[in-house]
Structure formats: C-alpha cells, structure tokens
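The next block holds one structure in the form of structure tokens; read it before the comments.
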Amino acid sequence: MALEFKVLKESTECSARLGQIKTPHGVIETPVFMPVGTQATVKAMTPEEVRDLGAQIILSNTYHLYLRPGHKLIEEAGGLHKFMNWHKPILTDSGGFQVFSLNDLRKITEDGVEFRSHIDGSTHFISPEKSIEIQNSLGADIIMCFDECTPYPADYEYVKESMERTSRWAKRCKDYHENWDKQALFGIVQGGMYKDLREKSVKDILDIGFPGYAIGGLSVGEPLELMCEMLDFTTPMLPKDKPRYLMGVGTPDYLFEAVIRGIDMADCVLPTRIARNGTVMTSQGRLTIRNAEYKNDFNKLDPECDCYTCTNYTRAYIRHLFNVNEILGARLATIHNLYFLLKLMGNIREAIRQDRLMEYREEFYKKYGYIK
RNA sequence: GUGGAUAUGGCCUAGUUGGUUAAGGCGCCAGAUUGUGGCUCUGGAGAUCAUGGGUUCGAAUCCCAUUAUCCACC
C-alpha cells in the first residue's frame with residue numbers, strides 16, 4: 001500500500017491526535033496543513049522555498065493540470081514530482097471542487113461532469129474514471145475521488161441526490177484505480193449541513209473502503225459554529241486508524257477547531273491568496289499591509305516571527321512593494337503567511353504532544369483577537 | 001507684441017442643442033478572499049466645474065474681462 005497511517009498520541013482533552021503518514025515520497029507529521037499549488041506551483045514560491053518554509057506536502061489540481069499543460073505531458077515528463085521538482089508528498093484534488101466553483105460553466109450528469117474551460121470555453125468531460133486516469137498520470141502520493149462539493153445553502157433534496165451520486169462515483173473511482181502501491185485513493189464524505197445525509201454518506205464511503213477519508217462540502221460559506229457542529233457529528237463516525245482530511249480550511253480558528261475535532265489534514269488557498277492581495281496573518285491578528293498606517297512602520301510584519309521576510313524586511317518596505325505592484329511584495333507576504341500557518345501547525349502538534357492543546361488555543365485566540 | 005486654443009476633485013478625461021444631488025479611469029482611504037481564478041473583487045472620501053462680472057426662471061455649458069498654460073507668427 002502507498003500509505004501507512006499511525007496515531008502516535010491522542011489528546012486526553014479533546015479528539016485531537018498526533019500522527020504520521022508514510023507515503024512513497026516521505027513521512028508527514030499530522031495534523032498537517034497543505035499549501036495549495038494549483039497549477040504545479042505554489043504561486044510565487046520555488047519548491048525549495050516551500051520546503052524550507054516547513055511544508056511537508058502540497059496540493060495540486062487535476063482539472064487545471066488536465067487543461068494545461070495536459071496530464072499526458074506531465075506523465076511524459078516523469079510525473080508531477082519530477083516535472084515541478086518537488087520531491088516530497090503531493091496530493092491532487094480530483095476536480096470535484098471545480099464542479100462547485102465553475103458553477104455556471106458545467107453540467108452534471110450521472111456519468112460525469114461536462115465543463116466549459118474557464119480558459120478558452122472549450123468543452124471537456126470529466127467522469128470519475130477520467131479523473132482517476134488523470135491523477136494516475138500526474139502520480140501524486142494521495143489522490144482524491146471525484147465528487148461534487150455541494151454549495152451552501154442547498155436544499156435537502158438536492159444535497160441528497162448529490163451525495164448519493166458522489167457515493168456512486170466513489171465506487172467507480174475505487175474500481176478504476178489500479179496502482180495502489182504508489183497512490184493512495186481517499187474517499188470523500190458529503191451531505192451538506194444535513195446530519196442524516198452525512199451519516200448516510202459516511203456509511204456509503206466506509207462500505208466502499210479507502211486508506212483515508214476526507215470531509216468535503218464544509219468551509220463553503222457556512223458559519224464556523226455550523227462547521228463545528230457538522231464535524232462534531234461526522235468525525236467520530238470515521239475510523240480512528242485512517243487519516244481524516246478536512247478540505248478547504250485555512251484560517252487559524254478553523255484549523256484549531258478542526259484539529260480539536262480529530263482532523264489530521266487540511267488545505268487551503270487562503271494564506272497564499274490573501275498574501276498576494278496584501279493581507280498577512282500575524283500572532284496579533286490579520287493586517288492589510290497596504291494600509292496607510294504602515295507607511296512609516298519600520299517594524300517587521302509580526303514581532304514574534306522569525307521567517308525570512310520578518311528577519312529581513314519592514315512593514316513600510318513591503319507596503320511600498322504592494323503599492324508599486326512589485327512581484328517581491330507578493331513573494332515576501334506569501335513566504336510569511338505560509339511560514340506562519342506551517343509554524344502554527346507545528347505548535348499545534350507540539351501542544352498535542354504535551355497535552356495542552358486547549359490552553360494553547362486559548363492563548364492564541366486571545367492574541368490573535370478571536371476572543372477578547 | 002499679434003492671432004489661435006485650452007482651463008472640470010491629487011492626475012487624466014466625459015459632460016450631447018444651457019435644465020434634477022457634475023460621470024468615469026488612475027491615485028488615495030478602507031474592507032473582502034476558505035479543496036479555482038497572481039496584478040482580483042466590494043465599498044468610501046474627495047470638485048463652490050481657473051477668477052471676477054453679465055445674460056437667463058435656470059450655466060461647467062452662452063457673452064465680457066482678468067489670470068495661467070500651450071501653439072503659430074512678428
């Protein structure tokens with residue numbers, strides 16, 4: 001098997017656990033945050049930089065790489081790892097999120113999804129089998145079942161049909177996938193915000209059986225409390241000896257709350273995207289570095305940070321770079337945000353090890369400004 | 001010196017035959033961003049329409065003068 005998961009320690013105060021995932025490209029310490037490199041690159045970063053920031057695994061995207069440069073080309077290049085010179089683990093998303101995000105450019109049928117390319121309008125058809133075929137060519141360590149990420153809000157009947165189709169698609173994905181020794185295929189639980197549908201989805205996906213399980217369809221605009229409620233309900237139904245991956249989560253509070261509820265993996269474009277638009281996360285909360293108040297501020301972004309950006313550059317300089325639209329601004333902010341979140345996850349792992357996660361969360365929330 | 005043209009928020013402009021709270025872009029200020037989308041999106045502030053006078057029920061729009069700038073000529 002391509003994946004081995006081991007729980008090293010369970011928290012006595014909550015459902016958090018410390019673990020280890022072994023993949024063909026190395027070991028991942030969990031809970032882990034996975035930076036997103038949609039188009040075979042974490043935007044603005046070299047793979048070496050991403051590695052040095054502490055990333056253990058990155059996520060890339062089936063839909064985008066299928067469109068450009070094409071999965072066959074990447075296969076010809078020797079696979080995604082070699083193509084992009086990233087030799088640690090990779091996870092590819094199945095294209096399922098694009099079923100959600102390209103809402104007005106796609107048509108869902110039982111067989112699969114017809115997409116109109118967001119690039120040139122050309123039509124493409126991705127079925128569960130096609131998604132697996134593409135992901136096999138890309139060669140990521142962990143690949144995902146082709147699903148539909150249902151929107152929020154959505155009515156019961158729609159979510160039910162969607163979830164049941166996702167279950168049928170999961171079976172097809174598993175049947176089609178072959179090289180289990182190199183690539184672990186994860187199943188995805190859906191069901192929107194309806195508990196009975198979540199329960200049914202978990203049952204379906206567990207019946208099919210996968211080396212890891214993802215929870216999809218959360219973090220799609222619902223309030224944090226609702227996501228927590230769904231996690232409280234869903235996560236305990238997932239087996240303890242398999243990794244649990246919450247898709248699309250990337251703010252510190254969502255990450256804390258997810259880990260506390262037993263999540264081992266999460267990914268999000270947020271830290272890199274907001275960095276490109278001039279927002280950084282600091283130990284004292286978010287700040288928009290473009291703002292005038294930083295014009296003459298010669299301190300580092302975060303007084304407690306020791307990343308490359310913070311040890312070398314000031315707020316005033318980074319603000320200047322954004323104001324004159326220089327690429328370096330995006331790079332420095334991305335370096336900082338990724339480092340911040342990866343370090344946070346490291347601290348969370350350490351807190352679990354010391355069995356003081358709740359205390360650490362309290363400290364962090366107070367400083368960050370989530371609670372007063 | 002003579003002739004001509006232009007003067008609209010910090011900058012560049014739109015304002016149709018004079019008619020409600022002068023429009024837009026850039027810049028400025030602030031916010032957003034959650035398994036897509038690197039120069040994105042959403043708000044906001046800011047103009048007594050060069051100055052003075054006149055015509056008119058009503059003028060950024062018409063007339064006169066002044067000032068400034070630009071062009072051509074002597």
Worksheet item: Of the options A:Phe97, A:Tyr63, A:Trp169, which is the one that meets A:Phe146 in a ring-ring contact (aromatic ring centres under 6.0 Å, His included)?
Response: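 Among the candidates, only A:Trp169 passes.
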**Request:** Pick out which of A:Phe33, A:Tyr370, A:Phe364, A:Tyr368 makes a ring-ring contact (aromatic ring centres under 6.0 Å, His included) with A:Phe256.
**Result:**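 The single option meeting the ring-ring contact (aromatic ring centres under 6.0 Å, His included) with A:Phe256 is A:Phe364.
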Qualifying residue, where the test is salt bridge (Lys or Arg N to Asp or Glu O under 4.0 Å) with A:Glu129 and the options are A:Lys171, A:Arg172, A:Lys174:
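Of A:Lys171, A:Arg172, A:Lys174, salt bridge (Lys or Arg N to Asp or Glu O under 4.0 Å) with A:Glu129 is met by A:Arg172 alone.
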Residues A:Tyr339 and A:Asp306: side-chain donor-acceptor under 3.5 angstrom
yes
Which whole-number value in Å describes the distance from [X] [atom1] to [N] [atom2]?
| X | N | atom1 | atom2 | result |
| --- | --- | --- | --- | --- |
| A:Met265 | B:rU34 | CE | P | 21 Å |
| A:Gln135 | B:rG35 | CD | P | 16 Å |
| A:Tyr245 | B:rG35 | OH | P | 9 Å |
| A:His64 | B:rG38 | NE2 | P | 9 Å |

Base, sugar-phosphate, or nothing for A:Arg286, non-hydrogen atoms under 4.0 angstrom?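 Result for A:Arg286 = base.
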| query | Which part of the nucleic acid, if any, lies within contact of A:Gln190, taking any heavy atom under 4.0 Å across all strands shown: a base, the sugar-phosphate backbone alone, or nothing? | reply |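 Base contact.
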*asked:* For a 4.5 angstrom cut-off between non-hydrogen side-chain atoms, does A:Met358 reach A:Glu363?
replied: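 When only atoms from C-beta onward are counted, A:Glu363 and A:Met358 do not touch, as no gap falls below 4.5 Å.
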Test for a donor-acceptor pair under 3.5 Å between the base of [N] and the side chain of [X], counting only N and O atoms.
| X | N | value |
| --- | --- | --- |
| A:Asn277 | B:rG31 | no |
| A:Arg273 | B:rG38 | no |
| A:Asp93 | B:rG35 | yes |

Stems field, RNA chain B, Watson-Crick or wobble, 3.5 Å, at least 3 pairs, by first number, holds B:1-7 with B:67-73, B:10-13 with B:23-26, B:28-32 with B:40-44, B:50-54 with B:62-66
Picking from B:rG35, B:rU34, B:rA32, the nucleotide nearest the side-chain atoms of A:Cys149 would be B:rG35
Check: Mapping A:Ala292 and A:Thr150 to their closest nucleotides on RNA chain B, which lands nearer the 5' end?
Finding: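 Closer to the 5' end of RNA chain B: A:Ala292.
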